[in-house]
Number of protein chains: 2
Amino acid sequence: MTYQDVLSALANPTRRLLLESLRNQPQTVGELSSDQAVSRPAVSQHLKVLKQAGLVTNESKGTRRIYSTSAEGLIALRRYLDDYWSDALEAYGTEINRRQTK
Amino acid sequence: MTYQDVLSALANPTRRLLLESLRNQPQTVGELSSDQAVSRPAVSQHLKVLKQAGLVTNESKGTRRIYSTSAEGLIALRRYLDDYWSDALEAYGTEINRRQTK
DNA sequence: GCTTACCGTAAGCTATGACTTACCAAGATG
DNA sequence: CATCTTGGTAAGTCATAGCTTACGGTAAGC
């Protein structure tokens, strides 16, 4: 689970859609693929990548796998951005600060 | 210049190396490719992608093209992360806050 | 128990990303 | 000017990401 994994995971639009759908509520693979353009196996494969990147977790409930978002991957990404690019982002960091404090 | 562009640009290790090298100081294409594993045309192609993503800019000086980093792309990325994932990142956001205020 | 629902994995196809060499245009240099 | 330097682009190759269909294994439901 490196920021490399996170970046390539997030670079794919279908995976972002899956993630953004999971943001609303945890879902099974079937539910996720029902409102997705691609097939269920494709969704399974994407979820594998997302899991490897620390962006989702899952638990088993019978034969169902319930997937939820996980913050770990995002934290790793943000850490990379901060470590390497905080200077460049300082101006915008102030903006973050403003939002956080309100 | 969308966060999609930024994510796929950053997903490539060679492009990150180029960016991180430019972080130290602006450089020409020749300088950049001299300490890079890949050929000069490859560097040119990567720079094109980075520019499209708003991560670098360049100016011409004779036949030389001097590339520098640009914050625009990073800002777009951070905006995406904040808009979609601020909840997930709230805990870490506090950490950002702490750093910013010191 | 037999059948059905759920989902991961294997195998194969296709498109594309990352690289190379070859080429060309434009400015520097003698 | 003639030549060299710089770097963008074209064309072609190779690996792989993303998809599909087919299959198999495990739990649920009757």
Side-chain angles (χ1 to χ4, degrees), chain A residues 1-22 25-70 73 77, chain B residues 1-22 25-70 73 77:
Chain A
M1 206 228 62
T2 64
Y3 63 81
Q4 164 71 68
D5 296 331
V6 180
L7 283 168
S8 29
L10 288 180
N12 180 277
T14 304
R15 279 195 289 266
R16 280 202 309 278
L17 285 180
L18 288 171
L19 257 191
E20 288 159 16
S21 170
L22 285 178
Q25 70 282 326
Q27 277 170 282
T28 65
V29 178
E31 286 164 351
L32 280 168
S33 54
S34 70
D35 48 58
Q36 208 67 34
V38 299
S39 69
R40 188 193 47 73
V43 170
S44 259
Q45 289 159 17
H46 282 308
L47 288 170
K48 189 179 183 179
V49 174
L50 288 170
K51 187 175 182 181
Q52 163 67 21
L55 290 165
V56 304
T57 57
N58 66 341
E59 56 174 323
S60 293
K61 200 142 198 174
T63 84
R64 314 253 178 107
R65 307 295 143 82
I66 301 167
Y67 281 82
S68 328
T69 56
S70 161
L77 173 56
Chain B
M1 204 228 65
T2 63
Y3 63 81
Q4 164 72 69
D5 296 331
V6 179
L7 283 168
S8 28
L10 288 180
N12 180 279
T14 303
R15 279 196 288 267
R16 280 201 309 278
L17 285 180
L18 288 170
L19 257 192
E20 287 160 17
S21 171
L22 285 177
Q25 71 280 327
Q27 276 168 283
T28 66
V29 178
E31 287 165 348
L32 279 169
S33 53
S34 70
D35 48 58
Q36 208 68 32
V38 298
S39 69
R40 187 191 49 71
V43 170
S44 261
Q45 290 159 16
H46 282 308
L47 287 170
K48 189 179 185 180
V49 174
L50 288 169
K51 187 176 183 182
Q52 163 69 21
L55 289 165
V56 303
T57 57
N58 66 339
E59 56 175 323
S60 293
K61 201 142 198 173
T63 82
R64 314 256 178 105
R65 308 296 144 80
I66 301 166
Y67 282 83
S68 327
T69 56
S70 161
L77 173 57

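A, B, ... follow the sequence lines: proteins, then strands. Residue 1 opens every chain. What you see is a predicted model; the values in this text were computed from it and never measured.
- A straight line from CD of Gln4(B) to P of dG17(C) spans 11 Å, rounded to a whole angstrom.
- Closest heavy-atom contact between Pro26(A) and Glu31(A): O-OE1, 4.5 Å.
- The side chain of Arg64(B) places an N or O atom within less than 4.0 Å of a non-bridging phosphate oxygen (OP1 or OP2) of dT6(D).
- Distances from the side chain of Arg40(B) to the nucleotides dT21(D), dG8(D), dC23(D) place dG8(D) closest.
- Comparing Thr14(A) and Lys48(B), the nucleotide of DNA chain D nearest to each residue sits closer to the 5' end for Lys48(B).
- Note: CG (Asn58(B)) to C1' (dT6(D)) measures 13 Å, nearest angstrom.
- Using a 4.0 Å cut-off, no side-chain N or O of Ser39(B) falls inside it from OP1 or OP2 of dG7(D).
- Note: CG (Asn12(B)) to C1' (dA15(D)) measures 14 Å, nearest angstrom.
- Within the 4.0 Å cut-off from OP1 or OP2 of dA18(C), at least one side-chain nitrogen or oxygen of Arg15(B) is found.
- To the nearest angstrom, P of dA28(D) lies 11 Å from CZ of Arg65(A).
- When the P atom of dA18(C) is taken as reference, atom CD of Gln52(B) falls 14 Å away, rounded to whole Å.
- Contact check, Tyr67(A) against dC6(C): no side-chain N or O comes under 4.0 Å of OP1 or OP2.
- Rounded to whole Å, the distance from CD on Glu59(B) to C1' on dG8(D) is 17 Å.
- Counting to the nearest Å, the C1' atom of dC23(D) and the CD atom of Gln45(A) are 14 Å from each other.
- Map Pro41(B) and Val49(B) each onto its nearest nucleotide of DNA chain C; the residue landing nearer the 5' end is Val49(B).
- Looking at the side chain of Ala42(A), the nearest of the listed nucleotides dC19(D), dT21(D), dC19(C) is dC19(D).
- Contact between the side-chain N/O atoms of Ser33(B) and the OP1/OP2 oxygens of dT6(D) is not found at any separation under 4.0 Å.
- Taking atom NE2 on His46(A) and atom P on dT9(C), their separation rounds to 15 Å, with Å as the unit.
- Using a 4.0 Å heavy-atom distance criterion, Thr28(A) is classed as a sugar-phosphate-only contact.
- Each of Leu19(B), Asn58(B), Leu32(B) was evaluated against Leu47(B); a single residue qualifies, Leu32(B), per the side-chain contact (heavy atoms from CB on, under 4.5 Å) test.
- OP1 or OP2 of dC6(C) has not a single side-chain nitrogen or oxygen of Thr63(A) nearer than 4.0 Å.
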